[in-house]
Protein chains: 2
Amino acid sequence: MQYLDKLRNSGLRPTKQRLQICEVLFNTEKTFHFTVNELDKKIKNNTGNKISLATIYNTIHAFEKKGYLKQIPINSNQTYFDTNVTDHHHFYDLKDEKLIDLENCDVGPINIKKKINGKKIKSIEVLVKLED
Amino acid sequence: MQYLDKLRNSGLRPTKQRLQICEVLFNTEKTFHFTVNELDKKIKNNTGNKISLATIYNTIHAFEKKGYLKQIPINSNQTYFDTNVTDHHHFYDLKDEKLIDLENCDVGPINIKKKINGKKIKSIEVLVKLED
DNA sequence: CACCTATTTAGAATCATTATAAACTAGGAC
DNA sequence: GTCCTAGTTTATAATGATTCTAAATAGGTG
């Protein structure tokens, strides 16, 4: 129920599948990172039924467009998404291949001195790679 | 000739293919960004002959491991590489899908306040997305 | 209910990248 | 130079994430 309005207000029909995906993504204390593959498994575990991969892709792209999810820029064969859509950055542990959130206050202000004519800064993303 | 020693000193045999790829990648005034697909075309244009895709992949991975190339962390279906291996950052123009270098001096110092036990910072990469 | 359009779906298609295994080659030993 | 061997190259097949397709289904409005 709690996601009905969220979806309706975004112009997305609140289908059974979308509501289930909302539950898995947003009905948690903490935000988290995931790949489509991991989300697929999580949906199966949490709800007991399967949603077609095509639908999962459709849905997360729709959610991303609406600002409910963010892609994390990182080189990997799979795309990583983040349910934390506030401005923040990431550690990437190269050995464990794990992402760790860096809150905005964990990173000093970032001052971009160069300007490009006719372009505005939309976002600034910092990836800090960690090794042992 | 100029890349023979570079390759030998890295423990890479200076094959015809690797020397040609060195020419295309490093024999330029300016550094540049590329995908494997673009590199493949560039090799054909510059040298007139074709190098197998498998060889191109092998070679750029070898070069990356030796520190002659860097991957640029960005979400794309293709992997972007950079012949500029100095510490620096990137603008990404969302509309034109173009990468633009940000020299280190274009970005103020970045202060990471959070520490992870037993881990060292290997690199810090900033991606600044641009819109119109 | 009836209708229309958005959505879901299984499966096929795409495409970057990696694996395979056979042919080739650099470079040292003789 | 010839031989030898491990490192390379190559065409091709395999992989795997993502996207496409077209048919079936389901919201939502009248």
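Note that the coordinates shown come from a computational prediction; the quantities given were computed from them, not determined experimentally.
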Positions of residues 35-48 of chain A (non-hydrogen atom under 4.0 Å from DNA chain C), listed by number: none

All ring-ring contact (aromatic ring centres under 6.0 Å, His included) counterparts of A:His90, not counting sequence neighbours: A:His33, A:His88

Pairing residues for A:Lys44 by the salt bridge (charged side-chain N to carboxylate O under 4.0 Å, His left out) criterion, not counting sequence neighbours: A:Asp40

Identify all pairs in which a protein N or O lies below 3.5 Å from an N or O of nucleotides 1-3 of chain C, and state each distance.
none

Below 4.0 Å: OP1/OP2 of D:dT19 and any side-chain N or O of A:Tyr57: no

Plane angle bin for A:Phe81 and A:Phe34 - parallel if under 30°, tilted between 30 and 60°, otherwise perpendicular: parallel

Between the protein and nucleotides 26-30 of chain D, which nitrogen or oxygen pairs come in under 3.5 angstrom?
from, atom 1, to, atom 2, distance (Å)
D:dG27, N3, A:Arg13, NH1, 3.4
D:dG28, OP1, A:Arg8, NE, 3.2
D:dG28, OP2, A:Arg8, NH2, 3.4

Phosphate-side-chain proximity, A:Gln17 and D:dT25, N/O vs OP1/OP2 below 4.0 Å: no

B:Leu53 CG to D:dA11 P, straight-line distance once rounded to whole Å: 10 Å

Those residues of residues 65-80 of chain B lying under 4.0 Å from DNA chain C by at least one heavy atom: B:Asn77, B:Gln78, B:Thr79

Under 3.5 Å, side-chain donor or acceptor atoms of residues 55-62 of chain B against the rest of the protein: list the pairs with distances, not counting sequence neighbours.
from, atom 1, to, atom 2, distance (Å)
B:Asn58, ND2, B:Ala54, O, 3.4
B:Thr59, OG1, B:Thr55, O, 2.7
B:His61, ND1, B:Tyr57, O, 3.2

Plane angle bin for A:Phe63 and A:Phe26 - parallel if under 30°, tilted between 30 and 60°, otherwise perpendicular: tilted

Set of side chain to side chain donor-acceptor pair (under 3.5 Å) partners for A:Lys42, sequence neighbours left out: none

Where at least one partner belongs to residues 108-126 of chain A, residue pairs that pass side-chain hydrogen bond (donor to acceptor under 3.5 Å, both in side chains), sequence neighbours excluded: A:Lys119-B:Asp93, A:Lys119-B:Asp132, A:Ser123-A:Glu125, A:Glu125-B:Lys129

Same apolar cluster: B:Ile72 and B:Phe32, side chain cutoff 4.5 Å: no

ring-ring contact (aromatic ring centres under 6.0 Å, His included) involving A:Tyr80 - partner list, sequence neighbours excluded: none

With A:Thr47 via side chain to side chain donor-acceptor pair (under 3.5 Å) - residues at least two apart: A:Asn49

Degree of bending in the helix from C:dC1-D:dG30 to C:dC30-D:dG1 once both end axes are built from five pairs, to 10°: 30°

Pair A:Tyr68-A:Cys22, side chain to side chain contact (heavy atoms under 4.5 Å, CB included): steps then yes or no: CA-CA 10 Å; A:Tyr68 303 147; A:Cys22 277; over 6 Å; no

Distance, rounded to the nearest Å, where A:Asn49 contributes CG and C:dA10 contributes P: 11 Å

